[in-house]
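Input: a single structure, listed below in structure tokens.
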Amino acid sequence: MKKITVAIDGYSSCGKSTFAKILAEYAGYTYVDTGAMYRAIALYILQHCPSSDPEERLEWIRHNLNDNIPLMGLGDAIRTLEVGNLASQIAVVPEVRHFLVSKQQQMGERGGVVMDGRDIGTVVFPHAELKIFLTATAEVRAQRRYKELIEKGTPMSFEDVLRDVNDRDYRDTHREESPLRKADDAVELDNSNMTIPEQVEYLTKLLDERRK
Ligand code: DC
């Protein structure tokens, strides 16, 4: 079977990473979580930038991108709301995007990779053999994240979680530099009312068709 490139894009909390991991395991491919790379840079800013002013932080990272910034293997440290919000703010900075996109392209140049993010099918791998665009309503996604936060012991009100989801959606889809959008040739899957096994069945079938 061919070693193809699989691009999974979509809104936050749609389950992109869940399905990307399952597909990678199923096919024996490498899984790359590009959101984690944006989060890693956000964490680096929180740890090293002398200012907490939003504009100064963006200016600082423009001048401090370098190959020594740890981008992987940071575990739960990058999974906080603070890091997620800052990641979404720095994702509008063209220098940050160019820096990470070129790293992502290197990671996937030989195929056999499942990459999830916001711009994988449109910018990182516009020629990917399989592009999936995952969606679900903001309420369903806020409910999923609300449950996760309660399980982690860091509860927030549902209204705050929903507001956060809407803010992030707005920023992801309205930024000037590679905004989140469905690639023309992507398969769209709204999973608001689908179970995980239903989605796995649908997606593994698609993958098998494309790599024949
Ligand atoms: O998927 P996530 O929540 O871990 O992503 C964190 C932020 O990074 C999100 O607000 C959007 C941004 N991001 C991006 O702009 N492009 C990507 N390919 C992946 C993530």
Side-chain angles (χ1 to χ4, degrees), residues 5-21 24 30-46 54 57-58 61-62 65 69-108 113-126 128 131-136 138 140-142 144-149 152 154 156 161-183 186 191:
T5 300
V6 182
I8 305 188
D9 291 301
Y11 294 95
S12 64
S13 302
C14 267
K16 293 187 298 293
S17 63
T18 304
F19 298 108
K21 270 184 219 154
T30 304
Y31 164 55
V32 181
D33 173 358
T34 64
M37 298 167 85
Y38 288 86
R39 286 171 181 267
I41 293 194
L43 181 65
Y44 182 78
I45 296 174
L46 291 174
R57 277 176 164 170
L58 300 192
I61 194 59
R62 276 195 184 99
L65 287 165
I69 302 178
L71 294 176
M72 314 254 180
L74 296 164
D76 283 346
I78 58 166
R79 298 292 158 199
T80 65
L81 268 179
E82 186 186 24
V83 171
N85 281 329
L86 185 55
S88 152
Q89 290 166 37
I90 58 150
V92 307
V93 177
E95 289 87 344
V96 170
R97 300 207 72 84
H98 297 161
F99 178 80
L100 289 181
V101 165
S102 95
K103 300 225 173 292
Q104 291 153 10
Q105 287 171 333
Q106 282 165 26
M107 293 165 121
V113 66
V114 182
M115 202 172 275
D116 77 357
R118 306 291 191 287
D119 58 345
I120 312 304
T122 51
V123 176
V124 181
F125 293 118
K131 300 180 186 179
I132 296 157
F133 192 81
L134 281 183
T135 63
V140 166
R141 289 181 288 125
R144 291 176 187 159
R145 189 173 308 160
Y146 179 65
K147 215 175 122 215
E148 269 169 28
L149 288 169
K152 274 193 201 157
T154 44
M156 260 171 86
V161 178
L162 181 60
R163 184 170 342 104
D164 198 69
V165 165
N166 281 319
D167 287 352
R168 209 173 291 191
D169 285 357
Y170 186 86
R171 279 201 296 269
D172 286 350
T173 51
H174 286 76
R175 64 171 176 242
E176 255 175 51
E177 182 79 21
S178 37
L180 170 65
R181 69 171 182 84
K182 176 184 159 307
N191 66 17

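Counting starts at 1 for both ligands and their atoms, following the listed order.
By the criterion of a heavy-atom distance under 4.0 Å, the side chain of R39, and not its backbone, is placed next to ligand 1. Within the 4.0 Å heavy-atom criterion, the part of R175 lying near ligand 1 is the side chain and not the backbone. With a 4.0 Å cut-off on non-hydrogen atoms, V124 does not touch ligand 1 at all.
Between R118 and D9 there is no salt bridge, since none of the side-chain N atoms of the basic residue sits less than 4.0 Å from a carboxylate O of the acidic one. Taking a cutoff of 4.0 Å between a charged side-chain nitrogen and a carboxylate oxygen, D76 and R39 do not qualify as a salt bridge. Salt bridge status for R168 with D164: present, with a side-chain N to carboxylate O gap under 4.0 Å.
Taking every heavy atom of S88 and a limit of under 4.0 angstrom, the matching atoms of ligand 1 come to 10 (O). Counting the atoms of ligand 1 from 1 in the order shown, those under 4.0 Å from a heavy atom of R168 are 3 (O), 10 (O). Close contacts of ligand 1 with R97, meaning ligand atoms under 4.0 Å from a residue heavy atom, involve 14 (C), 15 (O), 16 (N). Below 4.0 Å from some heavy atom of A91 lie the following atoms of ligand 1, by number and element: 12 (C), 15 (O). Of all the atoms in ligand 1, the ones that sit under 4.0 Å from a non-hydrogen atom of T34 are 17 (C), 18 (N), 19 (C).
Given atom 7 (C) of ligand 1, the protein heavy atom at minimum distance is A87 CB, 3.8 Å. For atom 8 (O) of ligand 1, the closest non-hydrogen atom on the protein side is Y38 CB, 3.5 Å. Among all protein heavy atoms, the one lying closest to atom 11 (C) of ligand 1 is D172 OD1, 3.4 Å.
Remark: T5 engages no residue in a side-chain hydrogen bond (donor to acceptor under 3.5 Å, both in side chains) (not counting sequence neighbours).
Annotation: cation-pi pair K16/F19 absent, no NZ/CZ under 6.0 Å from the ring centroid and within 45° of its normal.
A donor-acceptor pair is defined here as one N or O able to donate and one able to accept, closer than 3.5 Å; such a pair exists between the side chain of Q105 and the backbone of V124.
Looking at R145 and S12, their side chains do bring a donor and an acceptor atom within 3.5 Å of each other. Of the N and O atoms on the side chains of R97 and Y38, at least one donor lies less than 3.5 Å from an acceptor on the other residue.
Residue-to-ligand polar distances place R118 within reach of ligand 1: an N/O pair is separated by less than 3.5 Å.
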